[in-house]
Amino acid sequence: MVAIPVTFRTASGDRQCHMANISDQGAKLETESPPGQGVSGMLIMGKEEVYCTVIWSNEAACGIEFERCIDDTKLVEIAGEQMHKGGPAANTGKIKMGRKRGSLVSG
């Protein structure tokens, strides 16, 4: 999880937010008065400005989708060392087919 201060600029004004997470396609913004679903605006992250749309909203946060995906290099610049890279993907060659998950857990 990251906690980067950002500004979300909409037609109704600027909102100071904390970006709780970010991916190449969008981010979660935490703020006292999140905009509603469907609102478009600019996410301002230092020198970077990204056009985006709110795709979900609740009383304390909203999810935004970027108009264009952000490349990995730019993500690292934005999130810095706070960005967590996941581990390697599962090796599907080692997954046994035809067994139910419950049968793998002993009681």
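Below, all heavy atoms of this structure are taken into account, side chains as well, without hydrogens, waters or symmetry copies.
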Enquirer: Does Gln37 offer a backbone N or O that forms a donor-acceptor pair with the side chain of Ser57 under 3.5 Å?
Expert: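 No, the answer is negative, given that no donor and acceptor are paired below the 3.5 Å cut-off.
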Enquirer: Any donor-acceptor pair under 3.5 Å linking the side chain of Arg15 with the backbone of Ser33?
Expert: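 Side chain of Arg15 to backbone of Ser33, a donor-acceptor pair under 3.5 Å: yes, one is there.
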Enquirer: What's the separation between atom CD1 in Ile22 and atom CG in Leu29, rounded to the nearest 0.5 Å?
Expert: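 Separation between the atoms: 9.0 Å.
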Enquirer: Heavy-atom distance under 4.5 Å between the side chains of Ile4 and His18, does that happen here?
Expert: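 In short, these two side chains do not touch, never coming nearer than 4.5 Å.
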Enquirer: Short question: side chain of Asn21, backbone of Lys28 - any donor-acceptor pair under 3.5 Å?
Expert: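 Yes.
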Enquirer: Can you get from Phe66 to Val6 by hopping between Ile, Leu, Val, Met, Phe, Trp and Tyr side chains that sit under 4.5 Å apart?
Expert: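 Same cluster: Phe66 reaches Val6 through Ile, Leu, Val, Met, Phe, Trp or Tyr contacts under 4.5 Å.
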Enquirer: Give the minimum heavy-atom separation between Cys69 and Gln25, together with the two atoms involved.
Expert: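 Closest pair (atom of Cys69, atom of Gln25, distance): SG-CG, 3.7 Å.
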Enquirer: Would the distance check show the side chain of Thr31 and the main-chain N or O of Pro34 forming a donor-acceptor pair, the cut-off being under 3.5 Å?
Expert: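 No, the answer is negative, given that no donor and acceptor are paired below the 3.5 Å cut-off.
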Enquirer: Grab the two heavy atoms, one from Pro35 and one from Phe8, that are nearest each other, plus how far apart they are.
Expert: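 The answer is CG-CE2, 3.5 Å.
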Enquirer: Of all the heavy-atom pairs spanning Leu75 and Asp24, show the shortest one and how long it is.
Expert: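 Looking at all heavy atoms of both residues, the shortest contact is CD1-N, 3.8 Å.
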Enquirer: Start with the C-alpha gap between Gln16 and Thr7, add the side-chain angles, then the distance that decides, and say whether side-chain hydrogen bond (donor to acceptor under 3.5 Å, both in side chains) holds.
Expert: CA-CA 5 Å; Gln16 300 307 311; Thr7 301; 3.2 Å; yes
Enquirer: Should Met19 and Val39 be regarded as members of a common hydrophobic cluster, given that ILVMFWY residues are connected when their side-chain heavy atoms come within less than 4.5 Å of each other, either directly or indirectly?
Expert: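 As far as the 4.5 Å side-chain criterion goes, Val39 and Met19 are connected within one cluster.
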Enquirer: Between atom CD of Glu59 and atom CD of Glu32, what is the distance when rounded to the nearest 0.5 Å?
Expert: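 Answer for the CD-CD pair, Glu59 versus Glu32, is 13.0 Å.
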Enquirer: After noting the C-alpha distance and the side-chain angles of Leu43 and Glu49, does the key distance pass the side-chain contact (heavy atoms from CB on, under 4.5 Å) rule?
Expert: CA-CA 6 Å; Leu43 180 64; Glu49 293 186 5; over 6 Å; no
Enquirer: How long is the gap from CD1 on Ile64 to CH2 on Trp56, to the nearest 0.5 Å?
Expert: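 One finds 10.5 Å between CD1 of Ile64 and CH2 of Trp56.
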Enquirer: Determine, using the 4.5 Å side-chain heavy-atom cutoff (strictly less than), whether Val54 and Met42 are members of one ILVMFWY cluster.
Expert: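 No; Met42 is not reachable from Val54 via cluster members.
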